[in-house]
4 protein chains.
Amino acid sequence: MEKMSTEKRSEILDAAIKLFSEKGFERTTVDEIASKANVGKGTIYLYFENKEHIFLTIIEEGMSQLRRFFQQMSKEENFLSLLRELIFSYLKFAEDNREIYRLFLKERLAMRLFDEDTLGRRFMEMHHELHQFMTEFMQRGMDEGALRPADPGYLGMALNGIISHTVFYWLFTNEQQPLTGLTDALYRLFLTGAANDFNLNISGGVRDVS
Amino acid sequence: MEKMSTEKRSEILDAAIKLFSEKGFERTTVDEIASKANVGKGTIYLYFENKEHIFLTIIEEGMSQLRRFFQQMSKEENFLSLLRELIFSYLKFAEDNREIYRLFLKERLAMRLFDEDTLGRRFMEMHHELHQFMTEFMQRGMDEGALRPADPGYLGMALNGIISHTVFYWLFTNEQQPLTGLTDALYRLFLTGAANDFNLNISGGVRDVS
Amino acid sequence: MEKMSTEKRSEILDAAIKLFSEKGFERTTVDEIASKANVGKGTIYLYFENKEHIFLTIIEEGMSQLRRFFQQMSKEENFLSLLRELIFSYLKFAEDNREIYRLFLKERLAMRLFDEDTLGRRFMEMHHELHQFMTEFMQRGMDEGALRPADPGYLGMALNGIISHTVFYWLFTNEQQPLTGLTDALYRLFLTGAANDFNLNISGGVRDVS
Amino acid sequence: MEKMSTEKRSEILDAAIKLFSEKGFERTTVDEIASKANVGKGTIYLYFENKEHIFLTIIEEGMSQLRRFFQQMSKEENFLSLLRELIFSYLKFAEDNREIYRLFLKERLAMRLFDEDTLGRRFMEMHHELHQFMTEFMQRGMDEGALRPADPGYLGMALNGIISHTVFYWLFTNEQQPLTGLTDALYRLFLTGAANDFNLNISGGVRDVS
DNA sequence: GATGAATGAGCTTTCATTCAT
DNA sequence: CATGAATGAAAGCTCATTCAT
């Protein structure tokens, strides 16, 4: 009858993910989490140091899951294949972890300047890690000659922006179609842009990011 | 006499913008705003109904400023010129209103599911308005043949994503170079993508968003 | 154009009487008084030390008016005539000063244990004075043989109770008939009771207050 | 377990009764209640929705106690016996519930015009209920021929006034003698009045309340 | 004298955290 | 292990009072 402790832990996490992603970290009370997880309020403090650590745990576990996704991308392939896989993995992650991803989006910026406390610092580190990964990936694309020379930081951000805003739109229009179905569209958009072919010469005069 | 009250009002707003954009709405206390604005706590309630209305005022004033930016774009020009102008205006706004823009980014998602209260509703309306504008703009681009056929909602989001993440990167790396200097780079990226020209035929098989 | 200071003073008092009697002392704000009196908030502090003193002034002025009413009762007459006059004066006062009387009723007990501050002490003194007057009057009635021997304090209270509750009923049923029209009824009730005559012998066994 | 919570609840109520009856509802702070009840401030909000509900609870519980007192009066007896019992019950209640009764007296009028909120409305309903009871009782006395014809509303008020002012006097002179010892005196006073017998013909000319 | 903008002490209420059971 | 009653620090907000104009 008694649930195993691991079960309780993940019930707490599930409840917290839902509530945090719906109402935000601040507006969610520990009482609500306990009640949604069908657990006593005190029990939460057996599994987590405090409310912030519940949040941190969610983020860390989500992050390592995302990391695993990325690491599964085989190393030998050429850049363009990897890029498509990256986009696919990203979308797949968001599709499989709607709530966690929504949580990522929502709290992404809310933590800045809390560099003193552990929570804010870890959260920032994670974002930095993601950005680092993107930047290096873009650099590799340029090195391989697949991408035009440009600031890889901005380019990584731009890809990140395209993908995450697409997910954002998908999340809040609650599209039923699978998010991963957009992989190729985003892949093509990032590589070749939105313009019709005959426009390409028109924009010929545009300079690269210096 | 009248002057003084306007002064206090904007001092309060300035302090609130800074604090909200740094720490978020929830984590900022009225005491902090008062203290940063060099104003008594009670004074704040002379100028604003409550804490939420300070936030609302900031957002609304910022929004109408952004709206004015967009409206200044001349109506007669062709789509591509307007697109460049749109990107420029967006970047200019973010450059001129760093704090407000940061606030926009930070609280964008934190308000969802608070559709009941005025604050959340107004905030959502504004985002919707912005998105609506983007979508219609993309539709026009397609109608004029400047853009490849695609879901204009996703396309608007993608442009929005490219720009806002670029601003994000700029904001938190605190680049000294003017943000508007990135106009052409983003313009080109959105239209022609990141790929080197010789890759274009490689990605030929990619299908459009259906 | 400028009102004479005495006028302002009484406008403030009038506004305060209305508000205090409607909402009670605590629930009435100085802002409300100022606004109802068409006077600046600061002006109130030119005429009164603080909010409590407005209240005190109202009570004191009402009290001295009541005192004057009582003093007008001619001294030579016999007790029973004076009693009728007392009841009449009391009712007349309440009729002419509805609001002030309501204020009396409302705040009568709210002040106890505030013996330290001036306001509570003065208020209590006034009640004591009224009670003292009643007690002495009852004593005189007994001395003259008009009243049965009894504790004059209780008897004074009883008369006070009969009258004030009658006024209470009248105030809140908003009777249009003049309150003073009840003089004789109360006079008779106090002297001969509510019983039908044939009941008198039934209650013969009742002992007096010892 | 259950016992403890009931204990805390009544400790809070006891503290609140004392403080409200001494200082009034408005002037009593939640901190004071908590401190007098030897309870944390937050604990109060475990047992009561807010400060108003503490008050409301006290009044309702007191009222239902008073109601029970009245209901214990046997129904078969004649009016005069019941009248004596009513007076006795009233005095007994006040004697046994000094503080609650004092609270009744103090806040009786302070709530008027707050008919909108629950607190004021409930309080007014209770007073109305008591008055209704008195009025019907007086009517019955007249129907049975025990009382002289008169407006039963005023008559009920008068009896109420006699009793409550007597309790008032007793409360604030802190008499040690039992309040119920005054039953017969009040009974006689209400029925036969305060006059010496030989005065009765003098007051013969007095008209009844029409 | 007259004003009302400015103030901050003090209020009610919330909620993360503790700890006895 | 599990609980939820108990707590008090901290929040948003009110309003009597002051004072520069």
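In what follows, every heavy atom counts, from backbone to side chain, and hydrogens, waters and symmetry copies are set aside. Order of the sequence lines fixes the chain letters, A, B, ..., with proteins taken first and strands second; residue numbering starts at 1 for each chain.
- Taking the salt bridge (Lys or Arg N to Asp or Glu O under 4.0 Å) definition, one finds that D:Glu99 meets it with D:Arg102, sequence neighbours left out.
- Note on the helix from E:dA2-F:dT21 to E:dT21-F:dA2: terminal axis deviation equals 10°, with five pairs used at each end and the result rounded to 10°.
- The shortest distance between side-chain heavy atoms of A:Ile54 and A:Phe20 falls below 4.5 Å.
- The side chain of B:Lys8 sits closest to E:dA6 out of E:dA6, F:dA6, F:dA16.
- In this structure D:Asp14 satisfies the salt bridge (Lys or Arg N to Asp or Glu O under 4.0 Å) test with no other residue, sequence neighbours excluded.
- Using a 4.5 Å heavy-atom threshold, the side chains of D:Tyr47 and D:Leu13 count as separate.
- Remark: C:Thr43 is in phosphate contact with E:dT3, judged by side-chain N or O atoms under 4.0 Å from OP1 or OP2.
- Take the nearest nucleotide of DNA chain E for C:Gly40 and for D:Glu49: the residue whose nucleotide is more 5' is C:Gly40.
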List the atom pairs, donor and acceptor, that lie under 3.5 Å between side-chain atoms in residues 32-40 of chain B and the rest of the protein, sequence neighbours left out.
residue : atom : partner : partner atom : Å
B:Glu32 : OE1  : B:Lys23 : NZ           : 3.4
B:Glu32 : OE1  : B:Thr29 : N            : 2.8
B:Glu32 : OE1  : B:Thr29 : OG1          : 3.3
B:Glu32 : OE2  : B:Lys23 : NZ           : 2.5

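- Of the side-chain N and O atoms in A:Tyr47, one or more sit less than 4.0 angstrom from OP1 or OP2 of F:dA2.
- Mapping D:Asn50 and A:Asn50 onto DNA chain E via the closest heavy atom, the residue that lands nearer the 5' end is D:Asn50.
- Contacts of D:Lys51 classified as salt bridge (Lys or Arg N to Asp or Glu O under 4.0 Å), with partners at least two apart in sequence or in another chain: none.
- Residue A:Lys41 has no polar side-chain atom (N or O) positioned under 4.0 Å from OP1 or OP2 of F:dT3.
- Backbone-only engagement by D:Thr28 is indicated by non-hydrogen atom pairs under 4.0 Å involving sugar-phosphate atoms exclusively.
- Looking at the side chain of D:Val30, the nearest of the listed nucleotides E:dT7, F:dT3, E:dT12 is E:dT12.
- For A:Thr29, the side-chain atoms get nearest to E:dA16 when compared with the rest of F:dG12, E:dA16, E:dT13.
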